[in-house]
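See below for the structure under consideration.
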Amino acid sequence: MSLTIKSDGLFVNSLISFINKLFEAEIVFCVDSVSFPFSTEGRFLKKDSLNFFIAGAIATIKQLSYNSPILISFIPTALVLIIYFTWKRKWTYFGFKRELTRTNWIPYLPLLVILIVLCLQGFSSQPLKTIVFYVGFAILVGFVEESIYRGIMIKILLPLGILPAILTSSILFSVTHMLNLLSGQSMGQTGLQLVYSLLIGIVLAQLFIRTGNIYPLILFHGLHNLIQFLGSGGSSAILDTTVIIILVVTAISLALSMRKKLETKFELISE
(Lines give C-alpha, C1' and ligand atoms only; values in the text may rest on other atoms or scores of the structure.)
Protein backbone atom coordinates (compact mmCIF):
# COMPACT_ATOMS: atom_id res chain seq x y z
CA MET A 1 0.00 0.00 0.00
CA SER A 2 1.70 3.18 -1.14
CA LEU A 3 0.83 6.48 0.46
CA THR A 4 1.51 9.81 -1.16
CA ILE A 5 -0.31 12.13 1.26
CA LYS A 6 -0.46 15.90 1.58
CA SER A 7 -1.20 17.22 5.02
CA ASP A 8 -3.35 20.27 4.31
CA GLY A 9 -6.46 21.81 5.83
CA LEU A 10 -7.55 22.77 9.31
CA PHE A 11 -9.38 19.46 9.81
CA VAL A 12 -6.30 17.30 9.22
CA ASN A 13 -4.07 19.57 11.30
CA SER A 14 -6.55 19.35 14.18
CA LEU A 15 -6.61 15.57 13.89
CA ILE A 16 -2.82 15.36 13.85
CA SER A 17 -2.67 17.60 16.92
CA PHE A 18 -5.19 15.35 18.65
CA ILE A 19 -3.18 12.22 17.78
CA ASN A 20 0.03 13.79 19.06
CA LYS A 21 -1.68 14.48 22.39
CA LEU A 22 -3.10 10.98 22.38
CA PHE A 23 0.37 9.53 21.96
CA GLU A 24 1.77 11.71 24.70
CA ALA A 25 -0.87 10.20 26.97
CA GLU A 26 -0.03 6.75 25.60
CA ILE A 27 3.64 7.06 26.47
CA VAL A 28 2.92 8.37 29.97
CA PHE A 29 0.33 5.66 30.53
CA CYS A 30 2.57 2.83 29.40
CA VAL A 31 5.62 4.03 31.31
CA ASP A 32 3.52 4.39 34.45
CA SER A 33 1.61 1.17 33.95
CA VAL A 34 4.67 -1.08 33.81
CA SER A 35 5.04 -0.68 37.56
CA PHE A 36 1.72 -2.44 38.08
CA PRO A 37 1.53 -6.25 37.99
CA PHE A 38 -1.87 -6.64 36.31
CA SER A 39 -2.55 -7.10 32.57
CA THR A 40 -0.40 -4.27 31.22
CA GLU A 41 -0.08 -6.08 27.89
CA GLY A 42 -3.86 -6.04 27.44
CA ARG A 43 -4.15 -2.36 28.32
CA PHE A 44 -1.27 -1.44 26.04
CA LEU A 45 -2.81 -3.43 23.19
CA LYS A 46 -6.20 -1.73 23.48
CA LYS A 47 -4.80 1.79 23.45
CA ASP A 48 -2.21 1.02 20.79
CA SER A 49 -4.78 -0.54 18.45
CA LEU A 50 -6.80 2.68 18.66
CA ASN A 51 -3.68 4.72 17.87
CA PHE A 52 -2.91 2.59 14.82
CA PHE A 53 -6.48 2.84 13.56
CA ILE A 54 -6.76 6.62 13.87
CA ALA A 55 -3.26 7.24 12.50
CA GLY A 56 -3.96 4.88 9.62
CA ALA A 57 -7.26 6.61 8.92
CA ILE A 58 -5.60 10.02 8.68
CA ALA A 59 -2.81 8.66 6.49
CA THR A 60 -5.20 6.81 4.20
CA ILE A 61 -7.93 9.42 3.79
CA LYS A 62 -5.59 12.32 3.13
CA GLN A 63 -2.78 10.26 1.56
CA LEU A 64 -0.04 11.66 3.73
CA SER A 65 3.62 11.26 2.91
CA TYR A 66 5.42 8.47 4.74
CA ASN A 67 6.86 11.04 7.16
CA SER A 68 3.44 11.81 8.60
CA PRO A 69 2.31 8.28 9.54
CA ILE A 70 5.71 7.63 11.09
CA LEU A 71 5.45 10.70 13.32
CA ILE A 72 1.80 9.99 14.06
CA SER A 73 2.17 6.34 14.96
CA PHE A 74 5.26 4.21 14.56
CA ILE A 75 8.02 6.18 16.28
CA PRO A 76 6.14 6.79 19.57
CA THR A 77 4.83 3.22 19.52
CA ALA A 78 8.32 1.80 18.94
CA LEU A 79 9.63 3.84 21.87
CA VAL A 80 6.82 2.59 24.10
CA LEU A 81 7.53 -1.03 23.10
CA ILE A 82 11.26 -0.68 23.76
CA ILE A 83 10.64 0.96 27.15
CA TYR A 84 8.09 -1.68 28.12
CA PHE A 85 10.13 -4.71 26.99
CA THR A 86 13.23 -3.35 28.72
CA TRP A 87 11.53 -2.23 31.93
CA LYS A 88 9.67 -5.52 32.36
CA ARG A 89 12.57 -7.59 30.97
CA LYS A 90 10.23 -9.27 28.49
CA TRP A 91 12.30 -9.23 25.31
CA THR A 92 12.77 -12.99 25.41
CA TYR A 93 9.18 -13.60 26.53
CA PHE A 94 7.85 -11.86 23.42
CA GLY A 95 10.09 -13.82 21.06
CA PHE A 96 13.32 -11.85 20.84
CA LYS A 97 15.54 -14.91 21.00
CA ARG A 98 18.93 -15.50 19.41
CA GLU A 99 18.51 -19.27 19.28
CA LEU A 100 18.36 -19.89 15.54
CA THR A 101 20.16 -22.81 13.88
CA ARG A 102 20.19 -23.86 10.24
CA THR A 103 17.50 -26.44 10.96
CA ASN A 104 15.27 -23.82 12.55
CA TRP A 105 15.34 -21.78 9.34
CA ILE A 106 13.55 -24.50 7.33
CA PRO A 107 9.97 -23.41 8.29
CA TYR A 108 10.79 -19.91 7.01
CA LEU A 109 11.75 -21.01 3.49
CA PRO A 110 8.27 -20.24 2.04
CA LEU A 111 8.72 -16.64 3.21
CA LEU A 112 12.00 -16.45 1.29
CA VAL A 113 10.25 -17.76 -1.84
CA ILE A 114 7.55 -15.08 -1.44
CA LEU A 115 10.19 -12.33 -1.26
CA ILE A 116 11.86 -13.67 -4.41
CA VAL A 117 8.51 -13.73 -6.26
CA LEU A 118 7.78 -10.15 -5.19
CA CYS A 119 11.17 -9.04 -6.51
CA LEU A 120 10.18 -10.31 -9.98
CA GLN A 121 7.72 -7.41 -10.26
CA GLY A 122 10.69 -5.06 -10.72
CA PHE A 123 11.96 -1.94 -8.98
CA SER A 124 11.75 1.77 -9.66
CA SER A 125 14.69 4.15 -9.72
CA GLN A 126 15.01 5.99 -6.40
CA PRO A 127 17.55 8.49 -5.04
CA LEU A 128 19.90 7.18 -2.34
CA LYS A 129 18.33 9.23 0.46
CA THR A 130 14.89 7.80 -0.39
CA ILE A 131 16.24 4.25 -0.32
CA VAL A 132 17.91 4.87 3.05
CA PHE A 133 14.66 6.32 4.39
CA TYR A 134 12.63 3.33 3.16
CA VAL A 135 15.10 0.90 4.73
CA GLY A 136 14.72 2.61 8.11
CA PHE A 137 10.96 2.82 7.70
CA ALA A 138 10.68 -0.87 6.77
CA ILE A 139 12.69 -1.93 9.84
CA LEU A 140 10.58 0.33 12.08
CA VAL A 141 7.26 -0.99 10.76
CA GLY A 142 8.45 -4.60 10.90
CA PHE A 143 9.51 -4.24 14.54
CA VAL A 144 6.35 -2.45 15.68
CA GLU A 145 3.76 -4.54 13.85
CA GLU A 146 5.36 -7.91 14.60
CA SER A 147 5.85 -6.99 18.25
CA ILE A 148 2.17 -6.10 18.55
CA TYR A 149 0.32 -8.49 16.24
CA ARG A 150 2.53 -11.54 16.74
CA GLY A 151 4.41 -10.94 20.00
CA ILE A 152 2.03 -9.23 22.44
CA MET A 153 -1.27 -10.23 20.86
CA ILE A 154 -0.42 -13.92 20.47
CA LYS A 155 0.83 -14.13 24.05
CA ILE A 156 -2.37 -12.53 25.34
CA LEU A 157 -4.68 -14.75 23.27
CA LEU A 158 -2.91 -18.12 23.57
CA PRO A 159 -4.66 -19.01 26.86
CA LEU A 160 -7.90 -19.02 24.82
CA GLY A 161 -6.43 -21.57 22.43
CA ILE A 162 -4.10 -21.69 19.42
CA LEU A 163 -6.84 -21.21 16.81
CA PRO A 164 -8.44 -18.15 18.47
CA ALA A 165 -4.99 -16.62 18.92
CA ILE A 166 -4.05 -17.11 15.27
CA LEU A 167 -7.37 -16.03 13.77
CA THR A 168 -7.95 -13.01 16.03
CA SER A 169 -4.47 -11.55 15.58
CA SER A 170 -4.59 -12.19 11.81
CA ILE A 171 -8.05 -10.68 11.33
CA LEU A 172 -7.09 -7.53 13.24
CA PHE A 173 -3.90 -7.32 11.18
CA SER A 174 -5.95 -7.63 7.99
CA VAL A 175 -8.79 -5.27 8.94
CA THR A 176 -6.49 -2.23 8.94
CA HIS A 177 -6.36 -2.51 5.14
CA MET A 178 -10.07 -1.70 4.93
CA LEU A 179 -9.04 1.93 5.41
CA ASN A 180 -7.91 1.90 1.77
CA LEU A 181 -11.56 2.11 0.75
CA LEU A 182 -11.67 5.60 2.25
CA SER A 183 -8.91 6.77 -0.09
CA GLY A 184 -10.83 5.73 -3.19
CA GLN A 185 -9.30 2.30 -3.75
CA SER A 186 -11.66 -0.14 -5.46
CA MET A 187 -13.58 -2.73 -3.46
CA GLY A 188 -11.97 -5.53 -5.47
CA GLN A 189 -8.41 -4.37 -4.83
CA THR A 190 -9.11 -3.78 -1.15
CA GLY A 191 -10.71 -7.23 -0.88
CA LEU A 192 -7.60 -8.80 -2.40
CA GLN A 193 -5.42 -6.92 0.10
CA LEU A 194 -7.60 -8.14 2.96
CA VAL A 195 -7.22 -11.76 1.87
CA TYR A 196 -3.49 -11.32 1.26
CA SER A 197 -2.80 -9.67 4.63
CA LEU A 198 -5.03 -12.20 6.41
CA LEU A 199 -3.05 -15.10 4.93
CA ILE A 200 0.27 -13.45 5.80
CA GLY A 201 -1.01 -12.85 9.34
CA ILE A 202 -2.04 -16.50 9.71
CA VAL A 203 1.30 -17.85 8.45
CA LEU A 204 3.37 -15.48 10.61
CA ALA A 205 1.25 -16.28 13.68
CA GLN A 206 1.70 -20.00 13.05
CA LEU A 207 5.45 -19.60 12.71
CA PHE A 208 5.65 -17.54 15.88
CA ILE A 209 3.72 -20.16 17.86
CA ARG A 210 5.80 -22.96 16.39
CA THR A 211 9.25 -21.42 16.83
CA GLY A 212 8.73 -18.76 19.49
CA ASN A 213 11.18 -16.53 17.62
CA ILE A 214 10.09 -13.14 16.31
CA TYR A 215 13.35 -12.03 14.64
CA PRO A 216 12.75 -13.88 11.32
CA LEU A 217 9.23 -12.45 11.18
CA ILE A 218 10.50 -8.90 11.64
CA LEU A 219 13.13 -9.53 8.95
CA PHE A 220 10.52 -10.86 6.51
CA HIS A 221 8.08 -8.05 7.29
CA GLY A 222 10.76 -5.42 6.80
CA LEU A 223 12.03 -6.89 3.52
CA HIS A 224 8.47 -7.38 2.26
CA ASN A 225 7.65 -3.71 2.87
CA LEU A 226 10.97 -2.55 1.44
CA ILE A 227 10.36 -4.46 -1.80
CA GLN A 228 6.93 -2.85 -2.05
CA PHE A 229 8.28 0.64 -1.32
CA LEU A 230 10.99 0.33 -3.96
CA GLY A 231 8.84 -1.58 -6.43
CA SER A 232 7.92 -0.29 -9.87
CA GLY A 233 4.25 -0.11 -8.89
CA GLY A 234 3.25 -2.73 -11.40
CA SER A 235 1.12 -5.75 -10.58
CA SER A 236 1.03 -9.19 -12.15
CA ALA A 237 -1.96 -11.47 -11.72
CA ILE A 238 0.31 -14.50 -12.13
CA LEU A 239 2.77 -13.37 -9.46
CA ASP A 240 -0.01 -12.29 -7.08
CA THR A 241 -1.74 -15.64 -7.49
CA THR A 242 1.56 -17.45 -6.97
CA VAL A 243 2.16 -15.66 -3.66
CA ILE A 244 -1.39 -16.40 -2.45
CA ILE A 245 -1.01 -20.10 -3.37
CA ILE A 246 2.29 -20.25 -1.46
CA LEU A 247 0.63 -18.69 1.59
CA VAL A 248 -2.36 -21.07 1.47
CA VAL A 249 -0.16 -24.16 1.09
CA THR A 250 2.16 -22.96 3.88
CA ALA A 251 -0.75 -22.22 6.23
CA ILE A 252 -2.28 -25.66 5.65
CA SER A 253 1.09 -27.38 6.04
CA LEU A 254 1.87 -25.58 9.30
CA ALA A 255 -1.65 -26.27 10.61
CA LEU A 256 -1.31 -30.01 9.93
CA SER A 257 2.15 -30.04 11.48
CA MET A 258 0.97 -28.25 14.62
CA ARG A 259 -2.06 -30.54 14.89
CA LYS A 260 0.11 -33.63 14.63
CA LYS A 261 2.43 -32.34 17.37
CA LEU A 262 -0.54 -31.58 19.63
CA GLU A 263 -2.00 -35.06 19.06
CA THR A 264 1.37 -36.68 19.83
CA LYS A 265 1.72 -34.60 22.97
CA PHE A 266 -1.81 -35.56 24.06
CA GLU A 267 -1.09 -39.26 23.48
CA LEU A 268 2.08 -39.06 25.58
CA ILE A 269 0.17 -37.36 28.41
CA SER A 270 -2.60 -39.99 28.21
CA GLU A 271 -0.07 -42.81 28.53
Side-chain angles (χ1 to χ4, degrees), residues 1-8 12 16 52 55-75 77-78 108-146 149 173-201 203-204 215-248 250:
M1 174 174 68
S2 66
L3 305 171
T4 49
I5 303 183
K6 291 182 182 176
S7 174
D8 55 352
V12 177
I16 291 176
F52 268 121
I58 296 174
T60 304
I61 295 171
K62 287 295 180 181
Q63 298 189 350
L64 303 171
S65 68
Y66 278 113
N67 292 322
S68 296
I70 286 179
L71 293 175
I72 292 173
S73 181
F74 288 101
I75 287 180
T77 304
Y108 302 105
L109 289 178
L111 302 184
L112 176 61
V113 176
I114 289 173
L115 293 177
I116 293 173
V117 172
L118 292 176
C119 287
L120 297 178
Q121 296 184 4
F123 296 93
S124 61
S125 177
Q126 301 282 355
L128 181 59
K129 65 178 182 180
T130 301
I131 295 174
V132 171
F133 172 76
Y134 282 149
V135 169
F137 180 76
I139 294 172
L140 179 65
V141 173
F143 166 72
V144 170
E145 293 196 344
E146 291 308 312
Y149 289 105
F173 178 66
S174 173
V175 161
T176 58
H177 293 81
M178 290 182 66
L179 293 169
N180 292 335
L181 285 172
L182 302 176
S183 63
Q185 182 172 281
S186 68
M187 181 73 75
Q189 191 174 358
T190 302
L192 182 62
Q193 282 190 340
L194 286 172
V195 173
Y196 179 63
S197 55
L198 176 64
L199 289 172
I200 285 183
V203 170
L204 295 184
Y215 280 123
L217 308 185
I218 293 175
L219 178 61
F220 167 77
H221 200 140
L223 289 174
H224 180 280
N225 287 349
L226 184 62
I227 291 170
Q228 289 189 321
F229 296 155
L230 301 178
S232 60
S235 180
S236 166
I238 295 177
L239 294 180
D240 291 343
T241 303
T242 300
V243 171
I244 290 178
I245 290 174
I246 293 172
L247 288 170
V248 171
T250 303

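Values below: every heavy atom of this structure, side chains too, minus hydrogens, waters and symmetry copies.
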> Are the side chain of Ser174 and the backbone of Ser197 linked by a donor-acceptor contact shorter than 3.5 Å?
Replying inline: no
> Under 3.5 Å, is there a donor-acceptor pair between the side chain of Thr241 and the main chain of Ala237?
Replying inline: yes
Which atoms form the tightest heavy-atom contact between [X] and [Y], and what is the distance?
X	Y	value
Leu111	Val203	CD2-CG1, 4.2 Å
Pro110	Thr250	CB-OG1, 3.3 Å
Leu217	Leu204	CD1-O, 3.5 Å

Check whether any side-chain heavy atom of [X] lies under 4.5 Å from a side-chain heavy atom of [Y], and answer yes or no.
X	Y	answer
Leu199	Val248	yes
Val243	Tyr196	yes
Thr242	Ile246	yes

>> Using ring centroids (six-membered ring only for Trp), state whether Phe137 and His221 fall under 6.0 Å.
In response: no
>> Please tell me whether Tyr108 and Phe220 form a close aromatic pair, meaning their ring centres lie under 6.0 Å apart.
In response: no
Quick one: [atom1] on [X] to [atom2] on [Y], what's the gap to the nearest 0.5 Å?
X	Y	atom1	atom2	value
Leu140	Ile218	CG	CD1	11.0 Å
Glu145	Thr77	CD	OG1	10.0 Å
Leu230	Gln121	CG	CD	13.0 Å
Phe229	His224	CZ	NE2	10.0 Å
Ile227	Leu120	CD1	CG	9.5 Å

>> As a quick check of understanding, evaluate side-chain contact (heavy atoms from CB on, under 4.5 Å) for Leu118 and Leu239, giving each step before the final call.
In response: CA-CA 7 Å; Leu118 292 176; Leu239 294 180; over 6 Å; no
>> With a sphere of 6.0 Å drawn around CD1 of Ile238, does it hold more than 12 non-hydrogen atoms of other residues, nucleotides or ligands?
In response: no
> Run the side-chain contact (heavy atoms from CB on, under 4.5 Å) check on Val175 and Leu198 step by step: do they pass?
Replying inline: CA-CA 8 Å; Val175 161; Leu198 176 64; over 6 Å; no
> Would Asn225 and Tyr134 count as a side-chain contact (heavy atoms from CB on, under 4.5 Å) if you check the C-alpha gap in whole Å, the side-chain angles of each, and the deciding distance to 0.1 Å?
Replying inline: CA-CA 9 Å; Asn225 287 349; Tyr134 282 149; over 6 Å; no
